[in-house]
Protein chains: 2
Amino acid sequence: MKLSQTEENYLKAIYNLAYANANNVSTTMISEAIKTKASSVTDMIKKLADKDLVHYKKYQGVSLTKIGQKIAVEIVRKHRLWEVFLLNKLNYNWDEVHELAEQLEHIKSDTLTDKLEAFLEFPTHDPHGDPIPDKEGNIEHHKDTMLSSVETEKSCVVIGIKDSSDPFLKFLDKLQIQLGSTLKVISKEPFDNSMLVKTESASISISNQISKNIFVKKL
Amino acid sequence: MKLSQTEENYLKAIYNLAYANANNVSTTMISEAIKTKASSVTDMIKKLADKDLVHYKKYQGVSLTKIGQKIAVEIVRKHRLWEVFLLNKLNYNWDEVHELAEQLEHIKSDTLTDKLEAFLEFPTHDPHGDPIPDKEGNIEHHKDTMLSSVETEKSCVVIGIKDSSDPFLKFLDKLQIQLGSTLKVISKEPFDNSMLVKTESASISISNQISKNIFVKKL
DNA sequence: TAAAATATTTAGACAAGCCTAAAAATATAA
DNA sequence: TTATATTTTTAGGCTTGTCTAAATATTTTA
Ligand SMILES: [Mn+2]
Ligand SMILES: [Mn+2]
Ligand SMILES: [Mn+2]
Ligand SMILES: [Mn+2]
């Protein structure tokens, strides 16, 4: 099945939204993710349903079919591998790779992805800590431990970023927080759920908004 | 100026045709290169002329403007750098890289091409011996010595392939002729302009059709 | 140089993907 | 349980890039 870039982008958006929200994905959610109007989404959903890539009942939202899921995961795999390439080989920063990967993920080839993966020596995670699906589409998801749920006095290691938008990544750079950073929670403020955290280089106050977006592994 | 992939492909086609033919490029030639109908070409030519990328007078064919030329060379640069990447880093063969580079050349970024070039350690030629334009668009063209014009008893080194289509490249593989191969012309057949050539591994008869498509440097 | 052949352009149509405005369905609130 | 608000779909239209068929210009041939 040969899909257009646009169709691929819809599938990926539905995949990501379904993963973050479990249930059926609404027209409006997709329209926000893709930055188009809801009416355009309805049009596309019908096309995808005709191709058996999504389950669709009018007014009830969509979910991916087996095939749709498979294709979406392939795109995610390509996206994340290209991100690794851009960071490791071309020396981009982690806040620059996403936009380029959005383009590169649509390159069509039967062999490219696997060759790229081998060249990168089979990375397991992308620059934002997201897991890279294997050739067969298997993917090892994060356990959902967020920094916000770490107890006072406990230490943890940063293993992923939930919101990997440009500004957030740049902000983390300023705090000198990166994948692999060890953080110790000094104290928590019940008032606003902010926490005082000791990084390798400083003690900083982190709002709940931020600590809810950092995946960690407790030590 | 943000161009569509299609517009970029037209500019590149015009560039290549103009380079191979010197004068104005005809509608039909473009339609054959792009594999579309002449009427579609006329439409696109008008659009490109409106954007000042080509000079166009009805029925007189087109030529690139300064800006059009600049953009075309940038695309050629990207195409050839990606071909080097695919061959050197991902271990593709020289007959497989072109199709993928056709896609990769359209990736948009202010920084990607230069970073890729640096990563590849500033290659000067692509896998088919074609010169890679530099950042400023300067390009060192082949001197046009073809194998067909080498005299009997003289030796030469293969430095480029004029027709770098799949089947021709595969054929050269079979003959064990590659970039850098040393060839010695044993004899020439005036009858059909074929030649007997000694390669590193064998003596082979080469038709004029073939010897006209191999760039060489005389020794 | 006139007729025939070929090349190019125009006219009208279509699919993909998007939009706005309006209608219909669903969800929320009184 | 109605009334109101929100979401989703439909209807109709636009742009890009393509096509076929027909008209027009240029080139070749006689
Ligand atoms: Mn990304
Ligand atoms: Mn990522
Ligand atoms: Mn090529
Ligand atoms: Mn090439």
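A quick note: this is a predicted structure, and the numbers were derived from the prediction, not measured. Below, chain A is the first sequence line, B the second, and so on; all start at residue 1.
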_Of all pairs that satisfy ring-ring contact (aromatic ring centres under 6.0 Å, His included), the ones with a partner from residues 37-66 of chain A, not counting sequence neighbours_ = none
*Of residues 34-41 of chain A, the positions that come close to DNA chain D - non-hydrogen atoms, cut-off under 4.0 Å*: A38(A), S39(A)
*Taking K212(B) for its side chain and L147(B) for its backbone only, find out whether a donor-acceptor pair lies under 3.5 Å.*
no
*N/O (side chain, Y56(A)) to phosphate O (OP1/OP2, dT9(D)) under 4.0 Å*: yes
*Please tell me which of the listed nucleotides, dA25(D), dT10(C), dT9(D), lies nearest to the side chain of K58(B)?*
dT10(C)
*Donor on one side chain, acceptor on other, D173(A) and W94(A), under 3.5 Å*: yes
*So what does K46(A) hit on the nucleic acid, given a heavy-atom distance under 4.0 Å: a base, only sugar-phosphate, or nothing?*
sugar-phosphate
Would you tabulate the side-chain donor-acceptor contacts of residues 24-31 of chain B under 3.5 Å, counting partners in other chains and residues two or more places apart, or write 'none'?
unit_1	atom_1	unit_2	atom_2	d
N24(B)	ND2	Q60(B)	O	3.0
S26(B)	OG	M29(B)	N	3.1
S31(B)	OG	T28(B)	O	2.8

*asked:* Quick one, I67(A) with L53(A), criterion side chain to side chain contact (heavy atoms under 4.5 Å, CB included). Give me CA distance, side-chain angles, the key distance, then yes/no.
replied: CA-CA 6 Å; I67(A) 316 164; L53(A) 299 171; 4.1 Å; yes
_I need the full list of side chain to side chain donor-acceptor pair (under 3.5 Å) pairs touching residues 71-83 of chain B, with sequence neighbours left out, sorted by first then second residue._
K70(B)-E74(B), R77(B)-D114(B), R77(B)-E117(B), H79(B)-E83(B), H79(B)-H98(B), H79(B)-E105(B), E83(B)-H98(B), E83(B)-H128(B)
*Rounded interatomic separation in angstrom, taking CD from Q60(A) and P from dT26(C)*: 7 Å
*asked:* With ring-ring contact (aromatic ring centres under 6.0 Å, His included) as the rule and sequence neighbours excluded, what pairs involving residues 3-51 of chain A come up?
replied: Y19(A)-H141(A)
*Is the distance from OP1 or OP2 of dT9(D) to the nearest side-chain N or O of T27(A) less than 4.0 Å?*
yes
*So which of residues 9-21 of chain B are in contact with DNA chain D, with a heavy-atom cut-off of under 4.0 Å?*
Y10(B)
